[in-house]
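The structure appears right after this line, and notes come after that.
Being a predicted model, the structure only gives us computed values, none of them experimental. Side-chain atoms are counted along with the backbone in the values below, which use heavy atoms only and exclude waters and symmetry mates.
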Amino acid sequence: MVERFLKQTKFTSVEDYNKNLEFIIPEGFNFAYDVMDAWAAEAPEKLAILWTNDQGDEIRTTYGELKEQTDQAASYLTTLGIGKNDPVMLILKRRYEWWVVMLALHKIGAIVIPATHMLTKHDIVYRNTRASVKAIICVDDPYVTEQIRLAMPESPTVDTLIAITDHGKPIPEGFHDWQSEWKKAPAFVRPKHVNDNSDTMLMYFTSGTSGEPKMVAHDYLYAMGHLTTGVFWHNLHEGSLHLTVADTGWGKAVWGKFYGQWFAGATVFVFDHEKFNADTLLRQIEKYKVTSFCAPPTIYRFMIREDLSNYDLSSLEYCTTAGEALNPAVFDKFYEKTGIKMMEGFGQTETTMTLGTFPWMEPKPGSMGMPNAQYNIDLLRADGTSCEDGEKGEIVVRVGDRKPIGLFKEYYRDEELTREAWHDGIYHTGDMAWRDEDGYYWFEGRIDDVIKSSGYRIGPFEVESALMTHPAVVECAITGVPDDIRGMVVKATVVLGKEWKDKAGDDLIKELQQHVKKETAPYKYPRIIEFVDELPKTISGKIRRVEIRKKDAEK
């Protein structure tokens with residue numbers, strides 16, 4: 001499959017990859033037809049999805065069966081009046097139907113808007129009105145359907161609601177019943193013209209670490225941009241069983257549970273669960289013999305707190321991480337317990353993977369890796385000039401005459417915001433990093449997160465990494481607190497391990513402060529430490545430092 005879209009499919013070094021990565025771009029590329037239906041024709045009996053949940057249910061679907069199901073779903077949605085360019089919001093948690101509906105919407109040229117199940121009425125109204133949502137397909141969760149119902153009076157563009165229930169359950173009033181209706185639709189006929197490459201295929205509302213969520217629009221080549229994610233960064237092959245821990249309302253779902261994995265011909269493993277538990281997740285890896293695993297560092301932090309000798313993880317071949325920066329202490333502990341070196345990657349809702357540690361590279365714990373060859377990455381100073389090695393700057397994408405495959409089209413219906421981030425041939429990520437002499441990039445934090453104290457610029461990640469090497473710390477977030485003398489001082493908000501919680505107090509604060517002074521430059525140590533049970537996070541697992549700063553300001 002990969003040879004259809006790349007001129008060279010095997011790489012042995014950074015130099016080889018940077019020189020020879022070249023895409024073959026067909027006109028009117030559509031992932032559902034050109035990849036998934038192609039697999040169905042070539043290997044109809046090959047397993048595409050292995051889905052299970054915390055109730056012990058299982059669904060095993062081949063590529064051939066998935067084509068039949070997505071054709072049927074596309075026909076059903078068409079009978080409801082959903083067609084080309086219609087925005088459709090999906091609130092489906094990790095239900096199996098999410099994968100079917102995603103592909104079905106691609107097949108009819110509709111615009112997919114995945115969303116989290118934790119949205120409130122206000123959130124839903126905001127999305128409906130900003131994107132002119134025409135239909136909502138949701139899981140039959142009482143909270144979800146109630147928030148949608150409350151949002152309808154203020155959502156004039158929405159004319160179709162569909163709920164996916166368990167068999168036998170009553171359907172909420174005002175919703176179509178997916179289970180009883182979708183298989184009754186007539187045979188699917190592919191539209192004569194589904195899409196051009198530049199048409200909008202997918203829109204994500206950003207996870208909102210600061211401000212109102214932005215509406216990120218991607219074209220149909222965005223799917224192809226994830227070929228490198230699955231085939232090279234995840235290092236997948238046709239025998240892989242890959243598990244990415246991500247909610248389907250977050251962009252990481254299509255990074256790790258959809259496009260790239262199926263380019264590789266791998267099987268996507270899905271564990272549908274209500275609440276994360278490290279032991280339960282490890283048992284799933286053990287039971288189903290998962291070969292490839294990807295999760296944000298938060299998940300790994302809890303996994304290494306388990307006694308991993310109690311689990312048979314021998315099936316694991318490869319592990320990756322993204323979503324936030326990886327603390328070296330977590331890398332080291334996981335490697336010590338499993339013998340597997342985590343390969344880090346970096347990207348945004350606006351991009352596919354822009355920086356990564358690939359199989360032909362030796363990982364440096366805590367480094368994001370090197371630029372993905374499909375992007376021209378640079379680090380810029382505040383004056384717009386390029387940084388030298390060792391110098392902190394903003395990660396940017398230099399956009400030449402042709403937009404890189406995977407980079408977003410625009411912030412939908414917001415020209416001003418688009419121009420702020422993307423102007424003069426440069427897309428500004430808003431993330432800070434530095435580059436070492438070997439070309440590896442090291443994350444510093446969002447530009448807004450950088451702390452200026454007594455003339456020093458302190459990136460939150462470097463202090464967090466120092467704190468994470470102390471055995472008491474499970475998670476932490478570093479923020480700045482206004483100070484009359486220093487301008488700002490460093491504050492640490494810390495989640496302690498169970499065995500340390502009864503020791504929370506002045507003595508432990510002093511111990512942690514001394515620990516940071518030994519691990520990094522003393523001026524970076526947190527002068528304020530607060531112990532909490534959990535950190536505020538987005539649905540994607542990113543720490544919301546802006547929320548911590550807001551609460552501190554209110555105090």
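Side-chain contact check for Y411 and E350: at least one donor-acceptor pair (N or O, by modelled atom type) lies under 3.5 Å. Under the 3.5 Å distance criterion, with hydrogens and angles disregarded, no donor-acceptor pair is assigned to the side chains of Y220 and T200. Under 3.5 Å, the side chains of R283 and T280 contain no donor-acceptor pair of N or O atoms.
Looking at E154 and K121, a side-chain N of the basic residue comes within less than 4.0 Å of a carboxylate O on the acidic one, giving a salt bridge. Looking at E475 and K537, a side-chain N of the basic residue comes within less than 4.0 Å of a carboxylate O on the acidic one, giving a salt bridge. Taking 4.0 Å as the cut-off between side-chain N and carboxylate O, D37 and K67 count as a salt-bridged pair. Ion pairing between a basic and an acidic side chain is recognised when a charged N comes within 4.0 Å of a carboxylate O; D141 and K93 show such pairing. The residues R549 and E547 are annotated as not salt-bridged, no charged nitrogen and carboxylate oxygen being separated by less than 4.0 angstrom. Note on K107 versus D71: salt bridge recorded, some NZ/NE/NH1/NH2 to OD/OE distance being below 4.0 Å. A salt bridge does not link D272 with R94: every distance from a Lys NZ or Arg NE/NH1/NH2 to an Asp or Glu carboxylate oxygen is 4.0 Å or more. Electrostatic pairing of R545 and E464 counts as a salt bridge here, judged by a charged N lying under 4.0 Å from a carboxylate O.
For an aromatic pair to be called close, the ring centres must be under 6.0 Å apart, and F232 with F358 fails this. Ring centroid separation for the pair W233 and F346 does not come in under the 6.0 Å cut-off. A distance of 6.0 Å or more separates the ring centres of F271 and W51. Taking the six-membered ring for Trp, F408 and Y204 have ring centres at least 6.0 Å apart.
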List the steps, then state whether salt bridge (charged side-chain N to carboxylate O under 4.0 Å, His left out) holds for K184 with E181. CA-CA 6 Å; K184 298 176 183 178; E181 296 176 4; over 6 Å; no
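Residues forming a side-chain hydrogen bond (donor to acceptor under 3.5 Å, both in side chains) with T129 (at least two apart in sequence, or on another chain): none.
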